[in-house]
There are 2 protein chains.
Amino acid sequence: MRDDDVTKPSHLPTIVDVAAEAGVSRATASRALGRYGRTSASTIARVEQAADALGYRPNELARAMRVGVTKTIGLVIIADFTNAFFDRATKAIVDEAKLHGYQVLITNTDEETAIERQAIETLLEKQVDGLIVVPSLSAGYEHLKPAQLGGRPIVLIDRRLDDPPLTSITTDDFAGTREAVRHAISLGHKRLGFLISASSVEGVTDQRPTHLISTVLDRTEGFLQGASDAGIRRNSQHWIFCEDKPKSSEAAVASLLDRPNPPTIIFTSNNDMALAVLKIAGNRRLTIGRDISLVTVDDSQWAAAIVPGITVVARPVEEIGQLAVTKLLAEIAEPGQPIEVVVLPTELITRDSVANLYLQDYRVS
Amino acid sequence: MRDDDVTKPSHLPTIVDVAAEAGVSRATASRALGRYGRTSASTIARVEQAADALGYRPNELARAMRVGVTKTIGLVIIADFTNAFFDRATKAIVDEAKLHGYQVLITNTDEETAIERQAIETLLEKQVDGLIVVPSLSAGYEHLKPAQLGGRPIVLIDRRLDDPPLTSITTDDFAGTREAVRHAISLGHKRLGFLISASSVEGVTDQRPTHLISTVLDRTEGFLQGASDAGIRRNSQHWIFCEDKPKSSEAAVASLLDRPNPPTIIFTSNNDMALAVLKIAGNRRLTIGRDISLVTVDDSQWAAAIVPGITVVARPVEEIGQLAVTKLLAEIAEPGQPIEVVVLPTELITRDSVANLYLQDYRVS
DNA sequence: GACCAATGCGAGATCGTTCTCGCAAACCTT
DNA sequence: AAGGTTTGCGAGAACGATCTCGCATTGGTC
């Protein structure tokens, strides 16, 4: 470690410094460090010694430019890391990528298409090798078409898209929610409330929005199917669509509860909305799992820990992240993989948030 | 939009293609697009037209190499995005960075120094302009010294470090937890339980570990000070150190509760541990805020929504993230800023998880 | 000793930008 | 009309790596 001939003060050592130190040419130094071509053992040793004497670190930018590969993938996710899904997915993706020697450049759209478009643009300019995106709700997805991506592969998570056909990793939310509804019905619930997140909506509405992201759509259809399978009449189903914000969700819960013949159970399409139910129930001194029941999509630590435990439709979030990365890297390594729409199964985890009405008929109003 | 003269099938358009299309030189095209130097209005128009006819997107790698700036910062965080702190911080950092035209390359160490060192190495090779890191517990921090960083600025969050003196953004956890203890004591609590996260520990122990990260240390000291201020005797303080894992935390809670003269309140040093308390309390049919009280550090959505609401020492997490980014960018823009140790205030948010023992003396065993 | 193959190494091109510099044409100014 | 100044543009170097190619040297074979 010859620390300081202070000839060039800043200026990080480059490969030419290493070459000079070892008394060889740039080419030889590169070959020695990169272990390709033919180099004698002795010069390899000399170059390596020179390299760490100087504290040489290769400039990945230069390398990337030459070889055309950055070993970086871009992740475009909607903003809410507080959302139980996206933080777990992010972690899984970062970890899995690292396992394969990739790093991830992360951006978030706030569910806004303009930002998403911009984010993808920037990522592409930074020459990411591929993209993982959860597409925000939008009319047009032209910016996700292969041509716009400069041939760089992309995989979608959480939500599928029909128009530009793309590989996506999703879950069978239809079956999952249908199962949840069946479970509730088997416990005697007949008046069902559905609290559906719809970012396309302002505030709260009974009207079904024109456009729902696939995840929400599947959940909605699952609820519907489960209910109609059991012969639940349409007027015993309480649908309500609301914006994905605490205020709106809470208003929606309140309005559900204030209806004549209110639901005995509320299904929510994500964790944040489940919290809204908890909050309003708490305000009204209603006990979850007794006075009002609750099932939500996505498991979380708190859902398992609190009393009563919340019954959930659990999705294999980590698996989604891992699969997204492996599929993406496969396509990067060998372009031309078939487009794949992966649908993973969900799991109903029953805890204590749905009351057994057969054991407490007297309580039902 | 002349879509396809299919002369060169792949090969993204570069600036020479744009120049050719516009009938000017590379230099002129660059100048026109980059709006520097002198270029006539008409050629600017022509070049721009050519650029978007071709769908030209600058290669940020090449640009970065030339100008020596990547507009990218590296974030090295410990793994747990599920941890209420780190996911919020990440979001805040990503958002704030975007606001300034920066993107963030994210990696996580699993609280392991070797991984942290490696992660920083990789980030530096990718030529990030600066680093934000939450240092993992470790003996040596040589890899955080300026020399090892090639002069690139760094700011720490969540935890401060004494040895290499570095700019850090932290909170006054000492004062925060002391206030929490005072609050509990004012409500009649005299037997205090402290559940302290210590990643350096295996399982559960009463012995104070040799090394605690600054955050945990401050909280510990704060508890201690609060207790001794009120004259709480040492043998009424129940300390327990445990690994930051669900299993260990739950074991620690159980062991606390099983002591002779068990604590009436448990302070936990993070959210995950608070969940452990909730869980064990639930198993034992103990009601939080009545049979056992709870205060934790860090607010979260669930802590506010559940019944009873959890009293917390809230930290301004988003502000930490924002400040970290602004300080870092300031140093990037103008190196030589003084080292700064920012300590932000916390806020005690009282909800219903700590029982008022003066109103229910009869319940105290 | 002559020929051929194998080996080790260096010169130089390349990736896609930016930016300095100099040159020519156009534009004043007197 | 002659000089100087401005303006617009292009040639070419630079950033820091990789990698092809060819040249010299070595080694082996008959």
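Chain naming here is simple, since letters A, B, ... match the order of the sequence lines and numbering starts at 1 in each.
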Peer 1: Within the 4.0 Å heavy-atom criterion, would you say B/V16 contacts the bases, only the backbone, or no part of the nucleic acid?
Peer 2: nothing
Peer 1: Taking atom C1' of D/dG16 as reference, at what distance in whole Å does atom CZ of B/R63 sit?
Peer 2: 18 Å
Peer 1: Which of these nucleotides, C/dC9, D/dT18, D/dA13, is closest to any side-chain atom of B/R26?
Peer 2: D/dA13
Peer 1: Taking only side-chain N and O atoms of B/S40, does any of them lie within less than 4.0 angstrom of OP1 or OP2 on D/dC9?
Peer 2: yes
Peer 1: Please determine, for the side chain of B/R38, which listed nucleotide (C/dG16, D/dG8, D/dA17) has the closest atom?
Peer 2: D/dG8
Peer 1: Using atom types as modelled and distance alone, determine if a side-chain donor or acceptor of A/T28 lies under 3.5 Å from a backbone N or O of A/V24.
Peer 2: no
Peer 1: Report the nucleotide, chosen from D/dT18, C/dG16, C/dC9, that has the shortest atom-to-atom distance to any side-chain atom of A/M65.
Peer 2: C/dG16
Peer 1: From CG of B/L61 over to C1' of D/dT18, roughly how many Å is that when rounded to an integer?
Peer 2: 14 Å
Peer 1: Less than 3.5 Å apart, any donor N or O on the side chain of A/E116 or A/S136 sitting next to an acceptor on the other?
Peer 2: yes
Peer 1: Answer with yes or no whether A/R31 presents, from its side chain, a donor or acceptor under 3.5 Å of a partner atom in the base of C/dG10.
Peer 2: yes
Peer 1: Any idea which of D/dC15, C/dA13, D/dC19 is nearest the A/Y36 side chain?
Peer 2: D/dC19
Peer 1: Quick one: on DNA chain D, does B/T28 or A/N59 contact a more 5' nucleotide (nearest heavy atom)?
Peer 2: B/T28
Peer 1: Are any of A/S25's side-chain N or O atoms less than 4.0 Å away from OP1 or OP2 of C/dG10?
Peer 2: yes
Peer 1: Taking B/N59 for the side chain and B/L61 for the main chain, is one N or O donor matched with an acceptor at less than 3.5 Å?
Peer 2: yes
Peer 1: Does B/Y56 have a side-chain nitrogen or oxygen under 4.0 Å from the phosphate oxygens OP1 or OP2 of C/dT17?
Peer 2: yes
Peer 1: Could you check which of C/dC19, C/dG10, D/dC19 has an atom nearest any side-chain atom of A/V24?
Peer 2: C/dG10
Peer 1: Whether A/R66 contacts C/dT14 is assessed here as follows: a side-chain N or O lying under 4.0 Å from the phosphate OP1 or OP2. Is that the case?
Peer 2: no
Peer 1: Could you state the CG-C1' distance from B/D17 to C/dC15, rounded to the nearest angstrom?
Peer 2: 13 Å
Peer 1: When you check the gap from the basic side-chain N to the acidic O, do A/R35 and A/E48 get nearer than 4.0 Å?
Peer 2: yes
Peer 1: What is the distance from CD1 of A/I44 to P of C/dG8, rounded to the nearest Å?
Peer 2: 9 Å
Peer 1: Output the rounded distance in Å from CG (A/L12) to C1' (D/dA17).
Peer 2: 14 Å
Peer 1: Calculate the interatomic distance between B/I15 atom CD1 and D/dC15 atom C1'; express it in whole Å.
Peer 2: 16 Å
Peer 1: Can you check the B/L33 CG to C/dG16 P distance for me, whole Å?
Peer 2: 16 Å
Peer 1: Grab the CZ-C1' distance between B/R46 and D/dG10 for me, whole Å please.
Peer 2: 14 Å
Peer 1: Distance-only, no hydrogens or angles: does the A/R159 side chain make a donor-acceptor pair with backbone N or O of A/V134 under 3.5 Å?
Peer 2: no
Peer 1: Give B/S30 one of three labels, base, sugar-phosphate or nothing, depending on what nucleic acid heavy atoms sit under 4.0 Å from its own.
Peer 2: base
Peer 1: Does atom NZ (A/K98) have a neighbourhood of more than 12 heavy atoms from anything else shown, all under 6.0 Å?
Peer 2: yes
